[in-house]
Amino acid sequence: MCAVGKKKFNDHPFPYRTELELEISTLTNLGVGLGRVPLPDSQLSALNSQPTQPATGWVVMVPFTLPGEKVRVRVYRNHKNFSEADLVAVLTPSPHRIVPRCSLFGTCGGCQYQHLTYAEQLKWKRQQVQEVLKFMAGVEFSVSPVIPSPREFGYRSKITPHFSAQPRRKEIPSAKDQVSSPTSEFPIGFLKQSSRFELIDVPQCDIATPEINAKLPEVRAKTQQRLAAGEYKRDATLLLRHAQEGVVTDYDAIIHEVIAVAGRAEAGHPGSPPPATKNSSASQLSALNSQLSASPPLRLHFLARDFFQNNPFILPAFTSYVRQQAAASGAKFLVDAYCGSGLFALSAASAFEKVAGIELSASSIKFATENAAANGITNATFQAGDAAQIFAGLTFPPADTAVIIDPPRKGCDQSFLDQLFAFGPRAVVYVSCDPATQMRDLKGFLAAGYQLTAVQPFDLFPQTRHLECVITLVR
């Protein structure tokens, strides 16, 4: 049996490790700087490039660079229409460039924006939503300013460090940066930047809560001891989740979260929904915060391994906005179609006569039902749905029903969308952690007769390229 060799490097238009100087013009929605370099017509012809390529230049993607910067880069991969390169030096820095807090920034693949001021992070995230809305959905629509996280660091309430059961060889560069001395270790951390397999050791994470970082050395030490003793037979992932119980490491533990929710009235008695507004995000956030201070909190419990939003500090404003948008449609009934343990359904229940939560996971339905009872919410029920008949048995009149959806990162599958459009609710509030798949799905809503009325990003993930985006659609 012959061994399969590495894929041969494509040396067009640049040989491997070619160094270039270029100016960064923009940031992509992947958090990567984009610049262009001119190519001779002969190279463009060989690459079958578009006729406009000579005027615009060949695209080069460079992580950890900022718009307006002149940089020196080193090419490591050529694709059909662009190249990827590592940053060698910043020749002319952006005025918005700052010193990253984390010493692993640029090596760890977790953060993309620690070198950029937070105000500029919010500006670029808004622009990136605007761009995917225009180019993926073909829609020109004003995107509201991004609502910021109350914490720029120390906000993440869950991390999942990975490790390998086998020691991995790590190369430590010498002072000459040419010769390497090998060491063997068990890294416990996250994927290296631009790698799908290589882990880097992460002794602390600046975007995780201080409580998680206080617990992390103990968890790492115990794991290192077990690795050295050969107790692990395969690669694995740790869990550190900060909840009311403290920092929990057991995937199957039941944990509790307490969230302030605007507009919660007496149990089972719907309150008046706040009026729809086109004010700035700052004004909306101020209004929501004033409601939060006078409202009883929502108490939830669920398994530590279950999905739950990982920035609890922005959740009060986030859930209250979703509730507001659903209620502003004038609907009397609400369906939460990816309800999980009941976060959106229960936080919005006081604004509707009846609420139904639907979820494929039977265990999540159990927790959602218990959470409703624990909070004295009597107008919400939950049912385990069948993927082929998600809305079966629902008695709410579609013309008086709003639907909240919060699908996985991959977005909604076509079967779900077909069933949703067949049900035909009055309004849909679509929550997404990936605006690209959200805007892809938006095209289906527009074709089904829905109108886009609001686009509101929330920064649940400062220092990273990720965000949550809420779009409101009315039939």
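It should be emphasised that the depicted structure is a prediction, and the values quoted were computed from it without experimental measurement.
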Between the main-chain N or O of [Y] and the side-chain N or O of [X], is there a donor-acceptor pair closer than 3.5 Å?
| X | Y | value |
| --- | --- | --- |
| Glu245 | His256 | yes |
| Gln383 | Ala356 | no |
| Asn371 | His301 | yes |
| Glu84 | Tyr76 | no |
| Asp306 | Gly340 | no |
| Thr65 | Leu34 | no |
| Gln456 | Val470 | no |
| Asp434 | Gly411 | no |
| Asp201 | Gly189 | no |
| Gln224 | Phe186 | yes |

Do the side chains of [Y] and [X] get nearer than 4.5 Å, heavy atoms only?
| X | Y | answer |
| --- | --- | --- |
| Phe308 | Ile255 | no |
| Leu473 | Leu442 | yes |
| Val143 | Pro457 | yes |
| Arg220 | Pro203 | yes |
| Leu452 | Leu133 | yes |
| Leu238 | Thr249 | no |
| Ile358 | Phe391 | yes |
| Leu240 | His242 | no |

Could you tell me if the ring centre of Phe421 sits under 6.0 Å from that of Phe445?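 When the ring centroids of Phe421 and Phe445 are compared, they turn out to be within the sub-6.0 Å range.
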I'd like to know whether the aromatic ring centres of Tyr338 and Phe307 sit less than 6.0 Å apart in this structure. no
Quick one: do Ile377 and Val355 satisfy side chain to side chain contact (heavy atoms under 4.5 Å, CB included)? Show the steps, please. CA-CA 10 Å; Ile377 297 173; Val355 175; over 6 Å; no
Determine, for Lys215 against Glu211, whether the closest basic-nitrogen to carboxylate-oxygen distance falls under 4.0 angstrom.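 Result for this pair is no, no salt bridge flagged.
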Would you sort out whether Gln309 and Asn311 count as a side chain to side chain donor-acceptor pair (under 3.5 Å), showing the intermediate values? CA-CA 6 Å; Gln309 299 289 356; Asn311 184 341; over 6 Å; no
Is the NZ or CZ atom of Arg156 positioned over Phe461's six-membered ring, under 6.0 angstrom from the centre and within 45° of the axis?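 Checked: cation-pi criterion not met.
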Looking at every non-hydrogen atom in both residues, tell me the closest pair between [X] and [Y] and how far apart they are.
| X | Y | value |
| --- | --- | --- |
| Pro425 | Tyr450 | O-OH, 2.8 Å |
| Ile24 | Leu66 | CB-O, 3.3 Å |
| Ala345 | Asp336 | N-OD2, 3.1 Å |
| Ser149 | Tyr155 | OG-CB, 4.5 Å |
| Ile314 | Pro148 | CD1-O, 3.5 Å |
| Leu300 | Leu346 | CD2-CD1, 3.9 Å |

From [atom1] ([X]) to [atom2] ([Y]), nearest 0.5 Å:
| X | Y | atom1 | atom2 | result |
| --- | --- | --- | --- | --- |
| Ser157 | Ile212 | OG | CD1 | 6.5 Å |
| Ser83 | Met61 | OG | CE | 10.0 Å |
| Phe163 | Leu227 | CZ | CG | 5.5 Å |
| Arg241 | Arg305 | CZ | CZ | 11.0 Å |
| Ile365 | Leu360 | CD1 | CG | 9.0 Å |
| Asn310 | Leu315 | CG | CG | 9.0 Å |

Report the relative orientation of the aromatic rings in Phe64 and Phe105; use parallel for angles under 30°, tilted for 30 to 60°, perpendicular for over 60°.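 Ring orientation, 0 to 90° scale: perpendicular.
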Take the angle between the ring planes of Phe344 and Phe318 and call it parallel below 30°, perpendicular above 60°, tilted in between.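 Because their plane-to-plane angle is over 60°, the rings of Phe344 and Phe318 count as perpendicular.
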Checking Ser320 against Gln324 for the side chain to side chain donor-acceptor pair (under 3.5 Å) test, could you report, in this order, the C-alpha distance in whole Å, the side-chain angles of both residues, the deciding distance, and whether it holds? CA-CA 6 Å; Ser320 295; Gln324 178 196 62; over 6 Å; no
For Gln127, is the CD atom crowded, meaning more than 12 foreign heavy atoms sit under 6.0 Å from it? yes
Please say which of Gln121, Arg101, Gln112, Glu152 ends up in a side-chain hydrogen bond (donor to acceptor under 3.5 Å, both in side chains) with Gln463. Gln121
Going by salt bridge (Lys or Arg N to Asp or Glu O under 4.0 Å), name the pairs with one or both residues in residues 454-467, residues two or more places apart or in two chains.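 Those involving residues 454-467 are Lys125-Asp459.
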Side chain to side chain contact (heavy atoms under 4.5 Å, CB included) between Val129 and Met439: does it pass, once the steps are laid out? CA-CA 9 Å; Val129 173; Met439 300 316 167; 4.1 Å; yes
Sequence-distant partners of Lys192, side chain to side chain contact (heavy atoms under 4.5 Å, CB included), two or more places apart: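 So Lys192 forms a side chain to side chain contact (heavy atoms under 4.5 Å, CB included) with Thr107, Ser195, Glu198, Ile200.
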The test is side chain to side chain contact (heavy atoms under 4.5 Å, CB included); show your working for Glu120 and Tyr113 and say whether it passes. CA-CA 10 Å; Glu120 285 295 303; Tyr113 288 152; over 6 Å; no
Carefully, step by step, assess Cys111 and Ile207 under the rule side chain to side chain contact (heavy atoms under 4.5 Å, CB included). CA-CA 9 Å; Cys111 292; Ile207 63 174; 3.9 Å; yes
Would you say Thr472 and Gln325 are linked by a side-chain donor-acceptor pair, where the criterion is simply a distance under 3.5 Å?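 Yes, side-chain donor-acceptor contact under 3.5 Å.
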